[in-house]
Amino acid sequence: MASKTVEDVLFPGIAVRVEGVSDSSGILVVDAVSTARPGRCPDCRKQARRVHSTYQRTLYKRPLGSHRVVVRLRVRRYFCDCRGCSRTTFGGQVPGLSARYSRSSTGLAGWLRSIELGGAVLPHGCAAGCG
């Protein structure tokens with residue numbers, strides 16, 4: 001039986017590389033870097049060719065056992081080189097993990113939609129219906 005990596009367990013089939021994991025008071029903090037291919041401009045849909053910069057996003061993932069999981073994800077920001085597009089830069093997404101303007105992973109969002117919350121405390125610590 002082949003051993004599994006941290007990426008296989010936390011991010012199966014998702015384009016990230018884990019650079020570190022720490023456990024602090026029941027919260028698993030995962031430092032990861034996007035290895036996804038360059039994205040497309042959300043306005044004109046042109047494929048990015050140039051990197052503008054990188055930045056860190058914090059995403060909340062589904063709990064792993066009794067641990068809350070927080071991902072500090074470093075992603076690229078790209079230039080849009082389309083002359084007719086009004087957007088000059090845009091942030092890259094990691095398919096299967098992140099979405100624009102979201103602070104929870106796509107997996108956590110789907111998991112929360114699939115259960116009835118009934119006033120429970122969410123994995124990221126706020127009350128149900130926090131928006």
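Reckoned from all heavy atoms, side chains included, excluding hydrogens, waters and symmetry mates.
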What are the two closest non-hydrogen atoms of Asp43 and Ser86, and how far apart are they? OD2-OG, 4.4 Å

To check you understand the geometry: which heavy-atom pair defines the closest contact between Phe90 and Phe79, and what is its length? CE2-O, 3.9 Å

Test item: Val18 and Asp31 side chains (from C-beta on) under 4.5 Å apart, heavy atoms: no

Spacing of OG1 belonging to Thr58 relative to CZ belonging to Arg72, to within rounding of 0.5 Å: 7.5 Å

Apply salt bridge (Lys or Arg N to Asp or Glu O under 4.0 Å) to Arg74 and list each qualifying residue two or more places apart in sequence or on a separate chain. Glu19

Applying side chain to side chain contact (heavy atoms under 4.5 Å, CB included) to Cys41 and Cys82, what does each step give before you reach the verdict? CA-CA 9 Å; Cys41 173; Cys82 181; over 6 Å; no

Any side-chain heavy-atom pair of Cys80 and Cys44 under 4.5 Å: yes

So, do Val69 and Val30 sit near enough that their side-chain heavy atoms are less than 4.5 Å apart? yes

In the structure I gave you, are the side-chain heavy atoms of Val75 and Thr54 within less than 4.5 Å of one another anywhere? no

Salt bridge check: are Asp81 and Lys46 linked by an N-O gap of less than 4.0 Å? no

Considering all heavy atoms, the nearest Val16-Ala32 contact: CB-CB, 4.4 Å

Just wondering, do Ile14 and Val94 contact through their side chains at under 4.5 Å, heavy atoms? yes

Determine whether the aromatic ring centres of residues His52 and Tyr78 are separated by less than 6.0 angstrom. no

Could you tell me if Arg77 and Thr89 have a donor-acceptor pair between their side chains, going purely by distance under 3.5 Å? yes

To the nearest 0.5 Å, what is the distance between OG on Ser34 and CZ on Arg17? 9.5 Å

Are Leu28 and Leu59 connected into the same hydrophobic cluster when the rule is that any two of I, L, V, M, F, W, Y join if their side-chain heavy atoms are below 4.5 Å apart? yes

Hey, are the side chains of Pro38 and Arg76 touching, using non-hydrogen atoms and a 4.5 Å cut-off? no

Should Tyr55 and Val51 be regarded as members of a common hydrophobic cluster, given that ILVMFWY residues are connected when their side-chain heavy atoms come within less than 4.5 Å of each other, either directly or indirectly? no

